[in-house]
Amino acid sequence: MKGRVITKIKGFYYVQVEETTYECRLRGILKKKNNKDNCVTGDLVEFGEDGFITKVYPRQNIIHRPLVSNIDYLVIQFSALDPKFDIGRFNILLLNAFYYKIKPVAVINKIELLDEEGLKELKGQLDFLKGLDIEVFYISTYENIGVEKVKDYIKDKITAFGGPSGAGKSSLLNMLQEEKVLEIGETSRKHSRGKHTTKGTTLLPMENGGWVIDTPGFSSIELPPIKTVDELAGLFTEFNEYRNCKYSNCIHINEPECGIKNELNHGISQSRYDFYLWCYKFYSEERWNKY
Ligand SMILES: Nc1nc2c(ncn2[C@@H]2O[C@H](COP(=O)(O)OP(=O)(O)OP(=O)(O)O)[C@@H](O)[C@H]2O)c(=O)[nH]1
Ligand SMILES: [Zn+2]
């Protein structure tokens with residue numbers, strides 16, 4: 001049978017096939033010593049009637065904190081106020097999403113705290129997301145505004161969360177996941193779900209299909225291990241269209257006739273370009289010269 005690993009508890013893998021969860025183990029041949037990546041939460045696997053997993057399907061992506069694979073969306077969640085929205089930190093999360101090949105979705109919570117003027121200003125700051133084909137949801141978990149729309153959008157997918165402390169990630173997670181506790185087969189009861197069992201990352205099912213990852217993973221301050229300036233520029237996907245620079249090795253900083261700089265305030269937003277410069281400075285000073 002083919003199913004999805006939704007959690008790992010003490011060496012057992014819980015594999016969901018439609019409405020049922022099976023307790024499985026990994027075939028020895030699939031185990032590599034000291035390798036936690038053999039089979040992880042999120043993996044699509046093949047298993048037999050004996051409960052042994054015989055195959056782990058190729059992954060679309062994997063992250064290690066929390067350890068989980070095949071993530072479809074990263075919800076980048078901030079609050080409008082308290083704590084105040086921070087475009088710099090927002091861009092850092094966006095960079096992570098592109099680096100780990102996870103489609104980003106922006107969620108701004110606590111909008112009931114903003115007046116009309118404030119909301120307009122915030123929308124202006126996030127206007128560049130249209131050009132990146134990224135959806136933005138303005139929500140309030142307190143007043144249940146916009147939560148259903150988020151739910152619809154991430155239906156049938158695996159969704160991770162990131163954002164600063166206090167943005168309301170736990171509040172949103174609680175509203176997205178299905179109320180009923182997962183049904184786990186008899187045999188597993190002795191191993192599972194006690195308060196003190198060590199448990200891996202868990203996919204929490206949503207009512208209409210799909211899962212949310214139980215632990216918010218990405219922080220708004222960590223920068224991904226980008227190795228070169230080309231790799232960095234490649235993660236600004238809005239640059240792609242305008243890369244008709246005079247010099248083929250242009251890094252879009254001081255060179256003349258740069259296709260990116262020519263597009264400033266047209267195809268390329270100033271705030272994104274400023275963030276690119278900020279990253280370039282950070283990586284070249286703090287990372288790239290320290291081999
Ligand atoms: N005003 C307002 N407050 C909210 C809303 N949603 C959540 N909060 C409050 O914001 C605070 C932080 O919410 P959490 O859900 O714990 O935030 P979090 O992002 O999980 O925070 P960490 O666990 O620190 O990462 C709590 O006091 C919530 O009650 C909202 O829509 N409006
Ligand atoms: Zn250029």
Side-chain angles (χ1 to χ4, degrees), residues 63 65-66 73-86 89-90 92-93 96 104-115 118-119 122 136-151 154 159-177 201-202 204 212-222 228-270 272-277 279-281 284:
I63 60 171
R65 274 183 308 158
Y73 291 128
L74 173 65
V75 164
I76 299 178
Q77 186 171 344
F78 279 72
S79 49
L81 277 179
D82 191 22
K84 195 171 175 297
F85 177 73
D86 181 335
R89 290 179 163 217
F90 182 90
I92 288 176
L93 279 154
N96 274 287
V105 183
V107 168
I108 307 297
N109 186 30
K110 310 194 190 182
I111 54 154
E112 90 285 354
L113 297 177
L114 283 184
D115 57 17
L119 187 61
L122 185 56
V136 196
F137 296 94
Y138 295 91
I139 72 163
S140 165
T141 66
Y142 272 14
E143 301 195 350
N144 199 3
I145 302 168
V147 176
E148 284 306 310
K149 286 192 179 144
V150 176
K151 218 183 224 178
I154 64 175
T159 300
F161 290 78
S165 180
K169 298 182 295 295
S170 312
S171 311
L172 179 60
L173 265 175
N174 282 334
M175 293 175 81
L176 294 173
Q177 66 162 303
T201 315
T202 301
L204 305 169
V212 285
I213 296 168
D214 67 339
T215 18
F218 290 92
S219 87
S220 55
I221 50 172
E222 256 169 87
T228 64
V229 64
D230 285 339
E231 187 184 3
L232 175 67
L235 297 176
F236 287 71
T237 50
E238 69 263 56
F239 288 6
N240 289 342
E241 235 180 286
Y242 308 111
R243 223 170 288 238
N244 51 356
C245 311
K246 179 172 183 191
Y247 299 103
S248 64
N249 60 351
C250 184
I251 61 169
H252 326 306
I253 296 179
N254 292 318
E255 298 89 340
E257 294 177 56
C258 165
I260 308 304
K261 280 194 290 173
N262 284 341
E263 275 300 319
L264 272 181
N265 292 316
H266 301 281
I268 307 283
S269 90
Q270 183 71 47
R272 281 286 284 172
Y273 183 71
D274 290 345
F275 179 65
Y276 172 73
L277 291 182
C279 288
Y280 177 74
K281 187 167 185 305
S284 50

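Note that ligands are numbered from 1 as they come in the structure, with each ligand's atoms numbered from 1 the same way. Residues take their numbers from the sequence shown, with the count starting at 1.
Contact annotation for E112 and ligand 1: only side-chain heavy atoms (C-beta onward) come within less than 4.0 Å of the ligand. Only the side chain of N109 comes within contact range of ligand 1, with a heavy atom under 4.0 Å; no backbone atom does.
Listed here is the closest heavy atom pair of P83 and S165: CG-O, 3.7 Å. Considering every non-hydrogen atom in both L122 and A80, the closest pair reads CD2-CB, 4.0 Å.
Ionic pairing of K246 and E255 is not present here: no N-O contact between side-chain nitrogen and carboxylate oxygen is shorter than 4.0 angstrom. The existence of a salt bridge linking E143 and K110 is excluded, since no basic side-chain nitrogen approaches an acidic carboxylate oxygen closer than 4.0 Å.
Residue K169 approaches ligand 1 through these ligand atoms, each under 4.0 Å from one of its heavy atoms: 15 (O), 17 (O), 18 (P), 19 (O), 20 (O), 25 (O). Interface of S170 with ligand 1, defined as ligand atoms under 4.0 Å from a residue heavy atom, comprises 15 (O), 18 (P), 20 (O), 23 (O). Atoms of ligand 1 found under 4.0 Å from any heavy atom of T141, numbered from 1 in the order shown, are 5 (C), 6 (N), 7 (C), 30 (C), 31 (O).
Ranking the protein heavy atoms by distance from atom 17 (O) of ligand 1 puts G168 N, 3.0 Å first. Nearest protein heavy-atom neighbour of atom 24 (O) of ligand 1: S165 OG, 2.5 Å. The shortest contact between atom 21 (O) of ligand 1 and any protein heavy atom is with G166 N, 3.0 Å. Among all protein heavy atoms, the one lying closest to atom 10 (O) of ligand 1 is K110 NZ, 3.1 Å. Among protein heavy atoms, the minimum distance from atom 28 (C) of ligand 1 is reached at Y142 OH, 3.7 Å.
Checked against the 6.0 Å centroid criterion, the rings of Y276 and F239 qualify as a close aromatic pair.
Angle SG(C250) to the Zn ion (ligand 2) to SG(C258): 110° [nearest 10 degrees].
For the side-chain contact (heavy atoms from CB on, under 4.5 Å) test with F161, the passing option among V107, L74, L172 is L172; the others fail. When each of L93, I92, I76 is tested with F218 by the rule side-chain contact (heavy atoms from CB on, under 4.5 Å), just one qualifies, namely L93.
Distance check: N249 CG to I251 CD1 gives 8.5 Å after rounding to the nearest 0.5 Å. For the atom pair I253 CD1 and C258 SG, the distance stands at 9.0 Å (nearest 0.5 Å).
For ligand 1, the polar-atom distance check finds no N/O of L113 at less than 3.5 Å from any of the ligand's N/O atoms. Of the N or O atoms in E143, none lie within a sub-3.5 Å distance of an N or O in ligand 1.
The closest heavy-atom contact to atom 15 (O) of ligand 1, among the options A80, P216, S171, S140, comes from S171.
The environment of CZ in R65 is sparse: at most 12 heavy-atom neighbours from other residues, nucleotides or ligands sit within 6.0 Å.
Closest to the Zn ion (ligand 2) among the N, O or S atoms of H252 is ND1.
Protein heavy atoms come within 4.0 Å of atom 12 (C) of ligand 1.
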